[in-house]
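Here's the structure, in C-alpha cells; my notes come after.
Letters A, B, ... mirror the listed sequences (proteins, then strands); counts begin at 1.
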Number of protein chains: 2
Amino acid sequence: MFQRYSKQREVVYNVLCQTKTHPTVDWVHEEAKKVLPEIGIATVYRNLRELVKHGMAKVVLTPDNKEHFDADMTQHPHFICKSCGCVMDVTTQGHTNIAQKGFVVESCDTTFFGTCPQCAN
Amino acid sequence: MFQRYSKQREVVYNVLCQTKTHPTVDWVHEEAKKVLPEIGIATVYRNLRELVKHGMAKVVLTPDNKEHFDADMTQHPHFICKSCGCVMDVTTQGHTNIAQKGFVVESCDTTFFGTCPQCAN
DNA sequence: ATTATAATGATAATCAATATCACTTATCCA
DNA sequence: TGGATAAGTGATATTGATTATCATTATAAT
C-alpha cells in the first residue's frame, strides 16, 4: 500500500479514525502534535492526501472553501450547518427523519464522481 | 432584490443562464468580456456571490478546489469527471441509468445544508 | 553496518478568493 | 432636469489554504 511505514502517517490516520467530527487539516495537526510534537503541517497535508488516494479517507468540501476529512468510507450523507459550519453524519433516510432529529434542511446536493462518457472512450 | 441595476450583473447572469457547463469564475469573466470588454474579475466574483446569496445561482465545489456556478436552481444531481474535471447535470435516476448513458460512477456524495439541532435552538 | 531512497519538516511559492479604495453611475428628489 | 447620495465598478493589494521545494532523517533491503 505505502512504500514505507512512518510513525507520522500512523498518527494522522489514528487521529482521523478516532473522531466523527470531520476535522480540518489544522485540527488533525493539533491532535497529532499531542502524540508527535515535531510533526509538521506539510506532513499532515501529505498523509491526508495519501490516505484519500489510497481509499482510506474522503474529503468533504464545505462552503467556506476548507477541506474536511473523514475516515469512514461507508457510503453515508453529510449535513453541513450554515451557522456553526459543523459537518455531521446523517444516518437516517430522507428529509422527514432528519427534521425529526432537529435538523433544519434548506437544500441538498448530490454529486456523482467517476469518468464521463467522453473520457471513458 | 438588488438595490440598483447594473449592466455588469445582467451580463454575468445572462452568461450563466445561457450555459449548462457549470463554468468557473474565469470562464464567466471571459464570456462577459465579449459583451463588456471592461468588466473586471472582481465584479464577476462579486456578482456571482450576490446571485448565490439571492438564490439565483448555486456553487458547485470540485475536487480541484475551484468553484463552479450553476444558474439552474431546480434540484438536480451533478456528475464530476475525475479525468477532464467537467461538471455535468445528471437527469436520470440511480446508478443504473447513468451507467447506461456511458458514465462510469465510482462514488456518490450527498450533502444536506441547513441548521444543525444545536444551532436551531 | 551500509546503502538507496521514501518520508519528513521548515518554509517559500502558488493561486483562488476577498478586501480595499478611488472612481463611476443608477436612482432619488428638489 | 440637475445635483446629491451611495451602490456598484475596476484595479490591485492582501489573505489564506494548499502545494512545491529541498536539505535532512529514517525505513528497509542487502
Most 5' of B/Asn47 and A/Asp64 on DNA chain D, judged by nearest nucleotide: B/Asn47

Are B/Thr74 and B/Asp72 close enough that a side-chain donor and a side-chain acceptor fall under 3.5 Å? yes

Which of C/dG9, D/dT9, D/dT12 is nearest the side chain of B/Ala42? It is D/dT12

Residue A/Phe2, side-chain atoms from C-beta onward, closest of C/dT8, C/dA7, D/dG8: C/dA7

Residue pair A/His78 / B/Asp109, side-chain donor-acceptor N/O under 3.5 Å: no

Separation of C/dT20 P from B/Tyr45 OH (nearest whole Å): 17 Å

Could you state the CD-P distance from B/Glu38 to D/dT12, rounded to the nearest angstrom? 13 Å

Assign B/Thr43 to base, sugar-phosphate, or nothing according to its heavy-atom contacts below 4.0 angstrom with the strands shown. base

From the options D/dT12, C/dT8, C/dT5, select the nucleotide whose nearest atom is closest to the side chain of B/Ile41. D/dT12

Can you confirm whether the side chains of A/Arg9 and A/Ser6 place a donor and an acceptor under 3.5 Å from each other? no

Can you tell me how far C1' of D/dG16 sits from CG of A/Asn65, to the nearest Å? 11 Å

Can you measure B/Arg46 atom CZ to D/dA7 atom P for me and round it to whole angstrom units? 13 Å

Indicate whether any N or O donor in one side chain lies under 3.5 Å from an N or O acceptor in the other, for B/Thr62 and B/Asp64. yes

